[in-house]
Protein chains: 2
Amino acid sequence: MASVTKVRRARGERRRRELLEAALDVIDQRGVQATTHRAVAEAAGVPLATTTYYFESIDHLLEEALMLFVTEEAARLRALAERLRGTTASPAEIAADFARELAEGSPWERPLKRVQFELYLEASRRPRLREAAQQCVATYVELTEVALTAAGSPRAAEGARLFVALADGLGLHGSFAPSDRPHTPADLSAALTELFIPFAMGADERAAWAERLAEPRGGAAVAGGAPAADQTHGRGR
Amino acid sequence: MASVTKVRRARGERRRRELLEAALDVIDQRGVQATTHRAVAEAAGVPLATTTYYFESIDHLLEEALMLFVTEEAARLRALAERLRGTTASPAEIAADFARELAEGSPWERPLKRVQFELYLEASRRPRLREAAQQCVATYVELTEVALTAAGSPRAAEGARLFVALADGLGLHGSFAPSDRPHTPADLSAALTELFIPFAMGADERAAWAERLAEPRGGAAVAGGAPAADQTHGRGR
DNA sequence: GCAGAAGCTGGACAAAAGTCCAGCCTTTGT
DNA sequence: ACAAAGGCTGGACTTTTGTCCAGCTTCTGC
């Protein structure tokens, strides 16, 4: 009797899971709001009624699918974090590795890149998705913190959020970039490397820059050079 | 006769414009895909048939509304660019000013913050919106380039894209941030200031950092200090 | 085998949304 | 004033969508 329910549940769970994955595909392709019972059922290759059988409503289906996305992402990134922990690669190499994985790797063939942004936008309207979206960002931030630490940043915790924001912003922009100038992992890697510079600095040097940037300027341009006033390298090319 | 059509057209244009603005409100509130004829008509306080009278289809209405958003943003930012050109404020002040304007100012009362992201996501699916989204980003990039130049960056053109991506990423994350830790213009300003550091550097110093970051590391952390081995500014003063 | 229970689905239905048009209303030239 | 010329809209029609349920299928314990 116990085994009965167990077997049935196992099949049901598989079916349910397939529906959620199909829903993620549809969300990626058409957007959350345009994801209908019929579209999901067709994508999963099941009869229409299946979606209402397994899920209380279309909203529940959508929300659960987006939550699945978050847990899948977490699992995927955990592996990358493991790989990064304790590496002795250079910061530039770590950035490149990181960028490649973020931009390409995914449990599904195609990146489902838009799903993440659909989740974020939907979360700003549906309280029930807020937590999922926040957890998604938190996952990325944690991984990024590991990467920053691995790359030798003394301010990994402080900087991780910014790296994630930068990567997300570039990813979003990339989703509609002109095809003759697509965003590549190399672009992302270069961008992350730029942002890494202030987070690779020691506290003192960073503080000196802060001071420097708060000073009112007289001329039309910041004189090139280091924060300490007596340094002039890079000026007057 | 000419004046007849002119008068009518003037009224029609006003009406049309009101519909587009109402549509932007609805898009912000519910999302592009959930924006219906009925919702727009209600928001604009006009009969249902009005929306189909002025627009060929719901898609045309949506797309035109999003394009209006872009031109409005361009107009808004042009004013900010004018203000920034030729300022002698410090980079930190410029970043703060910039952040405040980006985060708060808007032709409409509420920021319509989500509209921008709706546009981006929609543009990744509808070719007809691609150009608008690209133009939107280009507008932000141009403004940012002015700001970077005003702040004295020797690499304004190169960096502008990254600043826009960072700002967008933070804005997106902020749209669903927990209410007890909201994203403020101050956060944005601080983030932009961090990213400004590598773009405030002179070419030589920047190159030295690039070299430094490409070197394999032995230890567990980057030793604080400057990239050029013989430069020690900012370190242990 | 078989009875019963649970899983599943074909098909139907109400609600919601996009679109259309016949005719009302406002404007205007005379 | 008045009739012609559009602008505008009430209302209806069609399509799409979410949801439900009666009944068929499959599985299990005996």
Side-chain angles (χ1 to χ4, degrees), chain A residues 1-27 29-66 118 122 125-126 128, chain B residues 1-27 29-66 118 122 125-126 128:
Chain A
M1 187 214 276
S3 68
V4 174
T5 37
K6 207 182 269 182
V7 168
R8 301 225 164 148
R9 276 201 183 144
R11 282 224 299 179
E13 285 306 312
R14 184 152 36 92
R15 210 91 193 278
R16 204 182 152 85
R17 169 66 173 249
E18 283 166 7
L19 281 176
L20 290 175
E21 293 186 5
L24 285 179
D25 270 340
V26 177
I27 289 171
Q29 216 114 30
R30 311 193 192 181
V32 172
Q33 307 278 4
T35 299
T36 66
H37 276 145
R38 283 166 177 82
V40 173
E42 191 182 7
V46 301
L48 168 61
T50 308
T51 54
T52 53
Y53 175 72
Y54 282 103
F55 299 92
E56 195 177 327
S57 76
I58 186 72
D59 283 342
H60 282 76
L61 168 54
L62 289 172
E63 287 164 19
E64 210 168 312
L66 290 172
E118 290 283 344
E122 242 358 76
R125 302 195 181 95
R126 306 193 197 200
R128 301 185 55 188
Chain B
M1 189 215 279
S3 69
V4 174
T5 37
K6 205 182 274 180
V7 169
R8 301 225 161 143
R9 277 201 181 144
R11 282 222 300 178
E13 284 306 311
R14 185 153 32 93
R15 210 91 191 279
R16 204 182 152 86
R17 168 68 173 249
E18 284 166 7
L19 281 176
L20 291 174
E21 294 187 4
L24 285 179
D25 270 340
V26 177
I27 289 171
Q29 218 114 31
R30 311 193 193 180
V32 171
Q33 307 277 6
T35 299
T36 66
H37 276 145
R38 286 167 174 80
V40 173
E42 191 182 7
V46 300
L48 168 61
T50 308
T51 54
T52 52
Y53 175 71
Y54 282 102
F55 299 92
E56 198 177 326
S57 76
I58 187 71
D59 282 342
H60 282 77
L61 169 53
L62 289 172
E63 286 164 19
E64 210 168 312
L66 290 171
E118 291 283 346
E122 250 344 85
R125 302 194 181 96
R126 307 192 196 201
R128 301 185 56 188

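Every chain is numbered from 1 and lettered A, B, ... according to where its sequence line falls, protein lines coming before strand lines. Because the structure is predicted, anything quoted here is derived from the model rather than measured.
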Problem set entry | Inter-residue atom distance B:Arg15.CZ - B:Leu19.CG, 0.5 Å rounding | 7.0 Å

For this session: Identify, with sequence neighbours excluded, every residue that meets salt bridge (Lys or Arg N to Asp or Glu O under 4.0 Å) alongside B:Arg38.
Result: none

For this session: Starting at atom OH of B:Tyr53, determine the distance to atom P of D:dG6, rounded to an integer number of angstrom.
Result: 11 Å

For this session: May I ask you to say what A:Tyr54 touches in the nucleic acid, namely base, sugar-phosphate or nothing, with a heavy-atom cut-off under 4.0 Å?
Result: sugar-phosphate

For this session: Not counting sequence neighbours, which residues clear salt bridge (Lys or Arg N to Asp or Glu O under 4.0 Å) with A:Arg128? List them please.
Result: A:Glu63

Problem set entry | Rounded interatomic separation in angstrom, taking CD from A:Glu42 and C1' from D:dT16 | 14 Å

Under 3.5 Å, which donor-acceptor pairs do the side chains of residues 46-54 of chain B form with other protein atoms, sequence neighbours left out?
unit_1, atom_1, unit_2, atom_2, d
B:Thr50, OG1, B:Pro47, O, 3.0
B:Thr51, OG1, B:Leu48, O, 3.0
B:Thr52, OG1, B:Ala49, O, 2.9

For this session: Please report, rounded to the nearest Å, how far the C1' atom of D:dG18 is from the CD atom of B:Gln33.
Result: 17 Å

For this session: Take the protein atom CZ of B:Phe55 and the nucleotide atom P of D:dT9, then report the distance between them rounded to whole Å.
Result: 14 Å

For this session: For A:Glu64, enumerate each residue passing the side chain to side chain contact (heavy atoms under 4.5 Å, CB included) test, keeping only those at least two apart in sequence or located in another chain.
Result: A:Arg16, A:Leu20, A:Phe55

Exercise. Can you list the residues that meet the salt bridge (Lys or Arg N to Asp or Glu O under 4.0 Å) rule with B:Glu118, with sequence neighbours excluded?
Worked result: A:Arg125

Exercise. CG of B:Leu19 versus C1' of D:dT9: gap in Å, rounded?
Worked result: 13 Å

Please write out the pairs of protein N or O atoms and N or O atoms of nucleotides 18-21 of chain C separated by less than 3.5 Å, giving the distance to one decimal.
unit_1, atom_1, unit_2, atom_2, d
C:dG18, OP2, B:His37, N, 2.9
C:dG18, N7, B:Arg38, NH1, 2.8
C:dG18, O6, B:Arg38, NH2, 3.0
C:dT19, OP2, B:Ile58, N, 3.1

For this session: Could you tell me whether the phosphate oxygens of D:dG7, OP1 or OP2, come under 4.0 Å of any side-chain nitrogen or oxygen in B:Arg16?
Result: no

